[in-house]
Each structure stands twice: as structure tokens, then as C-alpha cells.
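Letters A, B, ... mirror the listed sequences (proteins, then strands); counts begin at 1.
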Number of protein chains: 2
Amino acid sequence: MGEKMLPRAERRRRTEGRILDAARKLFAEVGYERATIRAIARSAEVDPALVMQYFGSKQELFQQAVRVVDADAATGGDDLVERLLATLGVKLGEMPRSSLAMMRSMLTHPEAAASARRTLGAQIDRLAESIPGEDARLRAALAMTVMVGVTVSHRLLELDELREAPPEEIARLLRPGLRALTGPDVS
Amino acid sequence: MGEKMLPRAERRRRTEGRILDAARKLFAEVGYERATIRAIARSAEVDPALVMQYFGSKQELFQQAVRVVDADAATGGDDLVERLLATLGVKLGEMPRSSLAMMRSMLTHPEAAASARRTLGAQIDRLAESIPGEDARLRAALAMTVMVGVTVSHRLLELDELREAPPEEIARLLRPGLRALTGPDVS
DNA sequence: GTCTATATTTCGATAGAC
DNA sequence: GTCTATCGAAATATAGAC
């Protein structure tokens with residue numbers, strides 16, 4: 001075996017990676033139901049049966065593809081609101097495709113809905129710790145709700161008004177409302 | 001023909017109504033793809049073939065079911081923000097099922113996405129007229145975006161934190177942010 | 001290990017009996 | 001006019017050849 005020959009484990013790892021990338025791409029674009037295993041396999045340039053061989057079922061493939069969603073958002077440093085604005089990619093023009101894949105299907109696929117509730121719940125928990133007052137959890141939930149709305153409208157519905165606007169402008173306009181939500185008092 | 005016998009046209013109208021109600025219910029609950037014609041017919045207590053006979057295709061049935069979405073929101077009177085809060089049913093515990101049916105599928109069904117963009121665009125237009133400044137349309141879009149986020153999280157994702165909170169409390173916490181968005185100036 | 005072929009299911013849609 | 005029966009397409013999933 002020459003050194004150009006990859007170990008079978010390594011080759012398998014790479015093929016799995018290609019399949020997962022293609023899956024994230026298609027799940028994010030058209031959602032769980034319309035993203036067929038055949039199309040994913042075609043995009044990854046592998047045989048459809050291989051996808052089943054590796055992941056067992058479409059459900060399993062989806063779960064593997066949308067994993068790693070919790071790893072983000074932990075980038076501390078700035079204050080609450082700035083972290084929020086940065087987290088969901090309002091400042092950056094980017095978002096992890098695994099998150100988009102999950103969000104695309106969260107209204108119509110039970111598994112994705114459960115994942116969304118779990119992820120949002122965790123972020124609400126963390127956010128609520130930094131908010132004083134009795135209604136900290138509700139305030140945190142509403143702040144996350146705002147981010148959900150922006151992400152859905154911008155990245156999933158692709159509303160023209162949001163696509164054309166500079167991200168800093170969007171952040172600037174959202175900032176006061178988020179400060180009112182996460183701040184200590186309200187009119 | 002006794003008076004207890006309904007005219008055939010009237011009987012047909014009622015059957016169509018039952019089918020449309022069942023369609024709205026199922027489309028709102030599980031989305032376009034998973035709401036099968038068979039299940040809709042079962043819920044309406046009619047034969048599946050009858051649904052096809054009346055509406056021609058699943059697409060047509062969906063379009064008929066989610067129509068009438070634009071009729072709302074025109075309830076003038078209060079000021080901007082109060083109308084917004086009332087419109088998407090944050091105050092009321094209710095929302096038209098046709099709206100929920102459209103929103104449930106808007107991320108995964110192209111037709112529903114187009115309908116959502118159209119409806120949101122119209123509301124953004126109307127809202128922008130009452131907002132001064134260069135960035136009126138962006139501000140209007142972001143205000144609608146907030147409402148989308150609340151509706152999605154509350155009625156579709158059914159986040160516990162929002163379900164448990166009194167609607168007036170939610171409205172109270174959202175009000176400052178919406179005022180900042182629709183008001184004339186911002187920090 | 002990889003792919004061909006197919007089994008199995010489930011849907012939307014149609015044709016024809018009553 | 002309403003329903004029974006079925007078609008045809010497309011999907012997931014499996015079995016077996018190579």
C-alpha cells in the first residue's frame with residue numbers, strides 16, 4: 001500500500017463528511033421532507049444506498065447533520081445584547097448551515113422542532129441568568145424570539161427589505177429594543 | 001321536496017366548508033407535506049375522492065384554505081404599535097387558522113413562502129407609510145419581523161415561556177422595542 | 001465495501017360502478 | 001353526485017450480486 005492510498009477509515013471519514021455537507025446544504029435549502037436521500041447522494045457524488053449504509057435512516061442522517069448547533073453562542077466577551085446580535089449572524093453575513101438546516105424544518109418536522117426548542121431553551125436559560133427581575137425568563141425568551149424572527153425573515157424567507165440592508169444597520173435598529181428587553185426596567 | 005331537504009347547491013357549499021375547515025386545521029398543525037388529502041377527508045368525514053372532485057388538486061385546496069389572510073390587520077383606530085400587537089394575536093389568544101396554516105408551511109412549501117412574502121410585504125408597505133425617515137421600510141420590515149418571531153415561537157414552536165405568560169405581559173415587554181422601531185428617532 | 005435491483009409503502013390522482 | 005378500486009409516481013429501505 002503506497003502512501004497515496006488512504007487508510008479505509010480515513011476514506012470513509014471523508015465520504016461521510018461529504019454526505020453530511022450535502023445533507024446540511026439540502027436540508028437548509030428545502031427542508032426535511034423535500035430533501036430526498038437520492039438528491040443528497042447525487043450532490044455528494046455517492047450512491048444513494050451508501051447513505052443508508054452509513055447512517056441507517058433519513059432520520060439518523062438528519063440528526064447527525066444538525067448536530068453541533070449548541071457549540072456556538074458561547075463566545076463571551078461583549079455584553080449581552082452585542083453577543084446576541086453577533087450570535088445569530090446579523091452582523092456577520094454567515095450562519096452555520098447546520099443551524100439553518102434545523103430552522104428550515106423546525107415548523108414541519110417534529111424532530112427539528114424538538115431540536116429547536118432544546119437549543120432555544122438552552123439559550124434562554126443562559127440569557128436569563130444575566131437578566132435581573134422576576135420576569136427574567138420571559139424577557140430572555142422574547143429576546144430570543146426577536147432573533148428567531150430576524151433569522152427566519154432574513155435567511156429563510158429572504159425578505160427583500162432585510163437582504164438589501166447592511167447588517168450594521170439592522171443591528172443598530174434592533175439594539176434599543178433588545179436593550180429594553182434585557183435591561184432592568186421598562187416604561 | 002320538503003323544506004327539510006337542502007338545495008343541492010347549499011349542501012355542496014356546506015360540504016366544501018367542512019373540507020376547508022379540516023384542511024386549515026391539518027395544514028396549520030402539520031404543514032403542507034404531512035397533511036394528506038386522505039387525512040383531511042377523514043377529518044371532514046367525506047370521501048377522499050370528493051376532495052379532489054371539489055378542488056382539483058392538493059395545491060388548489062391549500063390556496064383556497066389559506067386565502068383571506070389579507071382581510072385582517074386593517075382594523076384601524078389605535079396607534080401603530082397597538083394595532084401591531086393586536087393584529088398578530090398577541091393580545092387575543094386567537095389567530096385565524098388560515099394564517100397559521102400559511103405560516104406553518106412558509107419555510108418548506110414554495111407556494112406558502114410566496115404567500116407569506118406577499119402578505120408581509122403588504123403589511124410592511126402599510127406600516128412604512130406611518131413611519132417617518134429614510135429607513136421607514138427597513139424599520140417597518142423589522143417591526144413585522146418581530147411579530148413573525150413572536151408568532152412562530154408562540155403559536156408554532158409553542159415555547160413554554162411564551163405559552164405560560166399572560167398576553168398583556170408579552171405586549172407590555174414588546175411595546176418599547178416596537179416604539180423604538182416605529183418611532184422617529186433612535187439612540 | 002460498493003452498487004444494482006427490487007421490495008414496500010404511501011401518496012396524489014383517475015376511472016368507472018352505483 | 002358519491003364512493004370503490006386502482007393507477008402511476010416517488011420515496012425509503014433492503015437484499016444480494018460483484
Checklist entry - Shortest non-hydrogen contact from A:Met106 to A:Val148? => result CE-CG1, 4.3 Å

Checklist entry - Nearest to the side chain of A:Leu50, which nucleotide is it out of D:dC3, C:dA13, C:dC3? => result C:dC3

Next on the checklist: At 4.0 Å (heavy atoms only), tell me whether B:Arg38 reaches a base, stays on the sugar-phosphate, or touches nothing.
Outcome noted: base

Next on the checklist: Can you measure B:Ile40 atom CD1 to C:dC11 atom C1' for me and round it to whole angstrom units?
Outcome noted: 13 Å

Item to check | Distance, rounded to the nearest Å, where B:Arg34 contributes CZ and C:dT10 contributes C1' | outcome: 13 Å

Item to check | Gap between atoms CZ and C1', on B:Arg42 and C:dG12 respectively (whole Å) | outcome: 15 Å

Checklist entry - Less than 4.5 Å apart, any side-chain heavy atom of B:Leu156 and any of B:Met103? => result yes

Item to check | A:Arg97 side chain to A:Arg24 backbone, donor-acceptor under 3.5 Å | outcome: no

Checklist entry - A:Arg18 CZ to C:dT2 C1': how many Å, rounded? => result 13 Å

Item to check | Whole-Å distance separating the CE atom of A:Met52 from the C1' atom of D:dA13 | outcome: 5 Å

Next on the checklist: From the set C:dC3, C:dA13, D:dA13, return the single nucleotide nearest to any side-chain atom of A:Ile37.
Outcome noted: D:dA13

Item to check | Protein-nucleotide distance (A:Asp47, atom CG; D:dA15, atom P), rounded to Å | outcome: 17 Å

Item to check | Interatomic distance, A:Lys58 NZ vs C:dT9 P [rounded to whole Å] | outcome: 18 Å

Checklist outcome for this item: Against the side chain of A:Gln53, the closest entry in C:dT2, D:dT2, D:dA13 is C:dT2

Item to check | Least distance between heavy atoms, B:Ile131 atom then B:Ala136 atom | outcome: O-CB, 3.3 Å

Checklist entry - In whole angstrom, what separates A:Glu45's CD from C:dT2's P? => result 15 Å

Checklist entry - Does a side chain donor of either B:Glu161 or B:His154 reach within less than 3.5 Å of an acceptor in the other side chain? => result no

Checklist entry - Touch check for B:Tyr54, heavy atoms < 4.0 angstrom, all strands: base, sugar-phosphate only, or nothing? => result sugar-phosphate

Checklist outcome for this item: Of D:dC3, C:dA13, D:dT12, the nucleotide closest to the side chain of A:Thr36 is D:dT12

Item to check | DNA chain D: 5'-proximal contact among B:Ala49 and A:Gly56 (nearest heavy atom) | outcome: B:Ala49

